[in-house]
Amino acid sequence: MTQPIERQAADVDLPTQYRPADVEGKLYERWVADGLFAADPARDPSRPSFSIVIPPPNVTGSLHVGHALDHSIQDVLVRRRRMQGYETLWVPGMDHAGIATQNVVERELAKQGVSRHDLGRAAFVERVWQWKAESGGRILGQMRRLGDSVDWSREAFTMDEPRARAVRTIFKRLFDDGLIYRAERIINWCPRCLTALSDIEVEHAEREGELVSIRYGSGDTEIVVATTRAETMLGDTAVAVHPDDDRYRHLVGTEVELPLTGRRIPVVADEHVDPSFGTGAVKVTPAHDPNDFEIGRRHSLPSVTVMDERGVITVHGPFQGLDRFEARPAVVAALRQEGRIVKEVRPYEHAVGHCQRCSTVVEPRVSLQWFVKVAPLAKAAGDAVRDGRVRIHPPEMAARYFAWVDNMHDWCISRQLWWGHRIPVWYGPDGEVLCAGPDEEPPAGWTQDGDVLDTWFSSALWPFSTLGWPERTPELERFYPTSVLVTGYDILFFWVARMMMFGLYAMDGVEPFKVIALHGMVRDQHGKKMSKSFGNVVDPLDWIERYGADATRFTLLRGANPGGDVPVAEEWAQGSRNFCNKLWNATRFALMNGAHVRGDLPERLTTADAWILSRLQNVIAEVDGHLEAFEFAKACETLYHFAWDEVCDWYVELSKVQLNDERAEATRRVLGEVLDKLLRLLHPIVPFVTEELWTSLTGADTLVTAAWPAAEQALVDKDAETLVESLQRLVTEVRRFRSDQGLKPGQRVAAALDFAGSPLAAHEEGIRSLLRLTVPAEGFTATASLPVEGVTVRLDTAGAIDVAAERKRLEKDLAAARKEVEQTRRKLGNADFLAKAPEAVVAKNRDRLAQAEADITRLEAQLAALPAA
RNA sequence: GGGGCUGUGGCGCAGUUGGCAGCGCGGCGAGCUUACACCUCGUAGGUCGUCGGUUCGAAUCCGGCCAGCCCCA
């Protein structure tokens with residue numbers, strides 16, 4: 001009658017536990033070798049396109065858990081579109097990370113006692129390329145471990161030849177349009193890296209410092225200023241007060257003596273002074289403070305530079321040659337000696353800017369630098385979002401975007417480094433300036449500007465430079481604008497706004513991406529930021545090794561609510577690993593029992609079959625909707641719940657009975673169908689385990705390009721869902737009884753089932769199987785009787801039942817039912833409620849009341865039937 | 001100083017337009033029931049930060065307060 005299960009089981013060669021390491025590397029290499037991730041702009045133009053450019057990781061970096069999240073999300077999007085039949089392109093690559101890379105190589109040289117200046121510029125740059133070839137870009141190999149379905153044939157680097165061409169092209173265009181200029185401004189300067197930094201390369205951190213109040217002038221002209229940077233007073237060229245401040249009105253326009261220097265400096269009135277801070281008077285050092293620089297410009301003040309590029313004091317005998325941090329106490333001591341110190345607050349907490357790459361305290365410095373005039377570009381970047389051409393997801397994040405682009409300062413793009421795109425400007429013998437485009441040669445003898453461009457300048461071109469711009473390539477034609485940009489909200493300003501500005505500018509107003517999908521930061525299980533010093537850093541490669549790439553991805557995606565931070569923990573990775581193992585074993589069970597996907601679904605379905613197929617349709621629709629909306633956490637949750645709690649815990653259990661009778665063949669087909677669709681839905685999230693299982697189940701080559709499932713309305717069966725829900729309540733209730741009575745889960749118990757006309761009668765076998773209830777023999781006497789879901793289960797507990805436990809249970813349920821009745825009655829007795837609440841809500845409450853009343857009747861009868869204790 | 005976010009069972013999070021508080025992990029109890037102990041079954045645990053308002057009805061809307069976090073200056 002039934003197929004010989006033993007024989008089929010022998011055909012199934014799957015271990016009882018899923019071992020990711022056995023399959024992941026093998027599958028990935030096959031995917032790449034088969035060209036499944038390769039995009040072809042010429043292929044079937046009728047198909048829609050879907051493209052993503054990867055936020056290029058730093059060439060010096062390795063895969064951290066933040067990348068793992070970012071990449072997992074992109075991979076889900078790309079893999080789903082691929083299955084939906086889109087021509088998909090996911091471009092991989094790296095950025096050259098000017099300062100970081102130069103620092104790495106300089107550090108290496110330093111070990112040999114060599115500086116970059118010893119080598120000279122050309123040899124040093126050569127050396128960096130060599131470093132890149134040997135030890136750069138480790139992350140690319142690590143991306144394979146995670147399963148990134150990128151098109152490796154299109155790997156790009158922000159410093160390679162095509163990208164260099166793009167940089168030269170756009171620089172020339174911006175220059176010719178007057179959007180790039182050179183000017184002497186105060187910029188952020190790193191005295192260790194010896195280069196300018198843009199605003200966003202400076203990290204502000206609270207530090208303990210000091211606030212020293214110094215008396216300038218004397219007698220009638222006395223005025224006290226407070227500062228955290230006493231050493232800069234050597235470069236003061238004014239004292240500023242608010243124009244409406246009566247305390248100082250009489251001093252405005254006069255001069256006061258600047259201590260230690262013997263100079264006299266003016267007192268000026270400026271709106272930007274906060275009269276409520278300190279004494280309401282501030283010292284003005286235009287050469288060493290950005291705010292003071294502005295005040296200086298407004299009042300035509302001279303600018304006195306007191307430090308060199310390394311932060312060493314260059315003026316005033318006793319201080320000359322001191323580092324800025326040595327000079328500070330020295331200056332304070334000298335002032336104290338002169339009786340100039342009025343007050344000292346120590347420690348004084350205040351925000352200090354640090355170099356993002358080396359953590360050195362940034363020194364504002366006046367110098368000649370190149371800038372991008374951002375106003376018109378930023379306006380366009382803002383408008384693209386305001387007009388809805390580019391959608392920021394989640395939408396709440398748009399406020400932060402606008403706050404940034406609408407208040408952007410001109411962007412300092414020159415860096416005093418050797419590693420980077422050299423500024424394509426040449427100077428002639430008579431001070432002529434020439435910007436040369438990609439195919440232009442400067443006149444012989446002219447010298448090129450020594451600076452290089454900010455790395456972000458080239459990464460801002462990424463969405464189109466990777467597609468071949470400035471040529472009008474088929475790639476650009478087909479894949480620009482890219483479909484979505486996936487990145488953390490922390491670099492919305494760093495990078496996204498810049499790509500928007502340059503994309504709109506270079507591509508004649510066409511935006512670089514249609515959607516900006518933002519995710520949060522990965523944090524530990526207590527919401528703490530991961531940091532090496534805290535010791536709570538998760539290494540994704542460690543997780544991949546121990547739990548598998550799929551489990552790593554699932555853990556991250558399961559926590560990925562739009563825009564929200566993603567907490568992760570070891571236990572959750574284990575849970576994800578367990579989930580993968582559950583899928584493995586469910587499929588293993590199915591295969592051992594001959595499940596398959598051949599042919600149509602059976603004509604005749606049992607209620608269990610109809611139920612799981614119906615649920616499957618709901619799940620398909622739900623998951624599809626979640627993924628479309630970037631709701632990765634919800635998609636994972638839905639799939640996890642369906643696979644584990646519905647397919648495994650109920651359908652597989654019910655199928656065991658069906659596989660033993662004439663329904664076996666139909667059941668094999670339904671099992672196959674459910675797993676087929678489930679594995680397809682899960683594939684973008686957990687590609688490896690699903691590929692391995694699905695190819696075993698179907699015999700097909702790969703799931704990577706299999707069709708994405710669509711829900712079929714015809715398979716939705718509300719009646720089956722209702723009936724199985726009833727069955728589940730019945731089974732759960734009897735299990736509770738068994739547990740209360742101390743019956744072991746596996747223990748067989750004789751029971752008689754009286755269905756009294758319930759449609760559940762058709763599922764007697766399934767119910768008996770789930771509950772381990774055997775058919776009673778002759779002379780059976782029940783020791784307990786349970787009325788549930790219209791069915792009476794009478795069972796022989798093989799001994800006296802625990803009346804006390806049963807009474808306790810029934811009384812608990814009774815109390816809950818009574819509370820329910822009371823609450824619902826009160827509601828339904830409220831005339832306002834009946835008058836104002838919607839019909840459906842009222843009806844729902846009536847149903848609840850009826851249900852609760854029926855429960856009370858039943859429970860009271862059961863209690864009455866209990867023998868006295 | 002400006003702007004933003006968060007506060008729901010021990011921990012981490014969901015809760016769409018207001019209409020029975022859910023999930024995962026962990027805890028407790030029982031079990032190796034021929035897919036899986038990376039498992040199964042059962043179970044405990046929350047007046048949704050706080051005070052007030054709107055409403056027939058508030059975790060959900062409005063306001064004050066408290067606590068914590070982030071970004072920008």
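Only this structure's heavy atoms are used, side chains among them; waters, hydrogens and symmetry mates stay out. A note on names: the letters A, B, ... follow the listed sequences, proteins ahead of strands, and every chain is numbered from 1.
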Out of [options], which nucleotide sits closest to the side chain of [X]?
X: Glu571(A); options: C38(B), A35(B), C25(B); value: C25(B)
X: Phe833(A); options: G24(B), C20(B), G19(B); value: G19(B)
X: Lys836(A); options: U55(B), C38(B), U43(B); value: U55(B)
X: Arg558(A); options: C36(B), G24(B), G42(B); value: G24(B)
X: Lys744(A); options: C56(B), G31(B), A35(B); value: G31(B)
X: Ala837(A); options: G29(B), C36(B), C56(B); value: C56(B)
X: Phe589(A); options: A35(B), U33(B), A14(B); value: A35(B)
X: Pro567(A); options: G12(B), C38(B), A35(B); value: G12(B)
X: Arg588(A); options: A35(B), C39(B), G15(B); value: A35(B)
X: Asp645(A); options: U33(B), A35(B), G24(B); value: G24(B)

Checklist entry - Cation-pi between Lys656(A) and Phe589(A): NZ/CZ under 6.0 Å from ring centre and within 45° of the ring axis? => result yes
Checklist entry - Within 45 degrees of the axis of the six-membered ring of Trp411(A) and under 6.0 Å from its centre: does Arg498(A) put its NZ or CZ there? => result yes
Any side-chain N or O of [X] less than 4.0 Å from the OP1 or OP2 oxygen of [N]?
X: Lys582(A); N: U40(B); value: yes
X: Asn585(A); N: C38(B); value: no
X: Trp644(A); N: U40(B); value: yes

Checklist entry - Under the salt bridge (Lys or Arg N to Asp or Glu O under 4.0 Å) criterion, do Glu822(A) and Arg826(A) qualify, and how do the steps go? => result CA-CA 6 Å; Glu822(A) 192 210 333; Arg826(A) 198 189 310 139; 3.2 Å; yes
Checklist entry - Going by number, which of residues 838-848 of chain A have a non-hydrogen atom under 4.0 Å from RNA chain B? => result Pro838(A), Val841(A), Lys844(A), Arg848(A)
Taking any heavy-atom pair under 4.0 Å as a contact, classify [X]: base, sugar-phosphate, or nothing.
X: Gln574(A); value: nothing
X: Tyr640(A); value: sugar-phosphate
X: Lys656(A); value: base
X: Asp649(A); value: sugar-phosphate
X: Gln823(A); value: nothing
X: Thr732(A); value: sugar-phosphate
X: Arg738(A); value: nothing
X: Glu203(A); value: nothing
X: Cys580(A); value: nothing
X: Arg577(A); value: base

Checklist entry - Parallel under 30°, tilted from 30 to 60°, perpendicular over 60°: which one fits the rings of Tyr547(A) and Trp543(A)? => result perpendicular
Any strand: nucleotide that pairs with [N] via Watson-Crick or wobble, under 3.5 Å:
N: C56(B); value: G19(B)
N: U34(B); value: none
N: C72(B); value: G1(B)
N: U47(B); value: none
N: U6(B); value: A67(B)
N: G29(B); value: C41(B)

Rounded distance (Å) that lies between atom [atom2] of [N] and atom [atom1] of [X]:
X: Met592(A); N: C36(B); atom1: CE; atom2: P; value: 7 Å
X: His641(A); N: C25(B); atom1: NE2; atom2: C1'; value: 16 Å
X: Leu639(A); N: C23(B); atom1: CG; atom2: C1'; value: 15 Å
X: Glu653(A); N: U34(B); atom1: CD; atom2: C1'; value: 12 Å
X: Phe632(A); N: G24(B); atom1: CZ; atom2: C1'; value: 20 Å
X: Glu570(A); N: C11(B); atom1: CD; atom2: C1'; value: 16 Å

Take atom [atom1] in [N] and the same atom in [M], then report the distance between them in whole Å.
N: G64(B); M: G22(B); atom1: C1'; result: 31 Å
N: C5(B); M: G46(B); atom1: P; result: 31 Å
N: C20(B); M: C13(B); atom1: P; result: 25 Å
N: U60(B); M: C70(B); atom1: P; result: 26 Å
N: C48(B); M: G18(B); atom1: C1'; result: 14 Å
N: U55(B); M: G49(B); atom1: C1'; result: 23 Å
N: C69(B); M: C32(B); atom1: C1'; result: 47 Å

Next on the checklist: Give me the atom names and distance for the closest heavy-atom approach of Leu654(A) to Gly766(A).
Outcome noted: CD2-CA, 4.0 Å
Item to check | Earlier contact from the 5' end, RNA chain B, for Val568(A) and Phe579(A) | outcome: Val568(A)
Next on the checklist: Using heavy-atom distances to pick each residue's nearest nucleotide on RNA chain B, tell me which of Arg748(A) and Asn830(A) is more 5'.
Outcome noted: Arg748(A)
Item to check | Evaluation steps, side-chain contact (heavy atoms from CB on, under 4.5 Å), between Lys582(A) and Cys648(A) | outcome: CA-CA 8 Å; Lys582(A) 193 73 180 174; Cys648(A) 292; 3.6 Å; yes
Checklist entry - Could you walk me through whether Lys827(A) and Gln823(A) pass the side-chain contact (heavy atoms from CB on, under 4.5 Å) check? => result CA-CA 6 Å; Lys827(A) 216 168 217 184; Gln823(A) 283 179 341; over 6 Å; no
Item to check | Arg546(A) with Glu570(A): basic N within carboxylate O range, under 4.0 Å | outcome: yes
Next on the checklist: Test side-chain contact (heavy atoms from CB on, under 4.5 Å) on Leu773(A) and Val793(A); report intermediate values, then the result.
Outcome noted: CA-CA 10 Å; Leu773(A) 299 179; Val793(A) 180; 4.3 Å; yes
Checklist entry - Is Arg738(A) reaching over with its side chain to a backbone N or O of Leu771(A), donor-acceptor style, under 3.5 angstrom? => result yes
Next on the checklist: Could you check whether Asn578(A) and Gln574(A), counting side-chain N and O atoms only, form a donor-acceptor pair closer than 3.5 Å?
Outcome noted: no
Checklist entry - Do Glu646(A) and Tyr651(A) have side-chain atoms, one donor and one acceptor, less than 3.5 Å apart? => result no
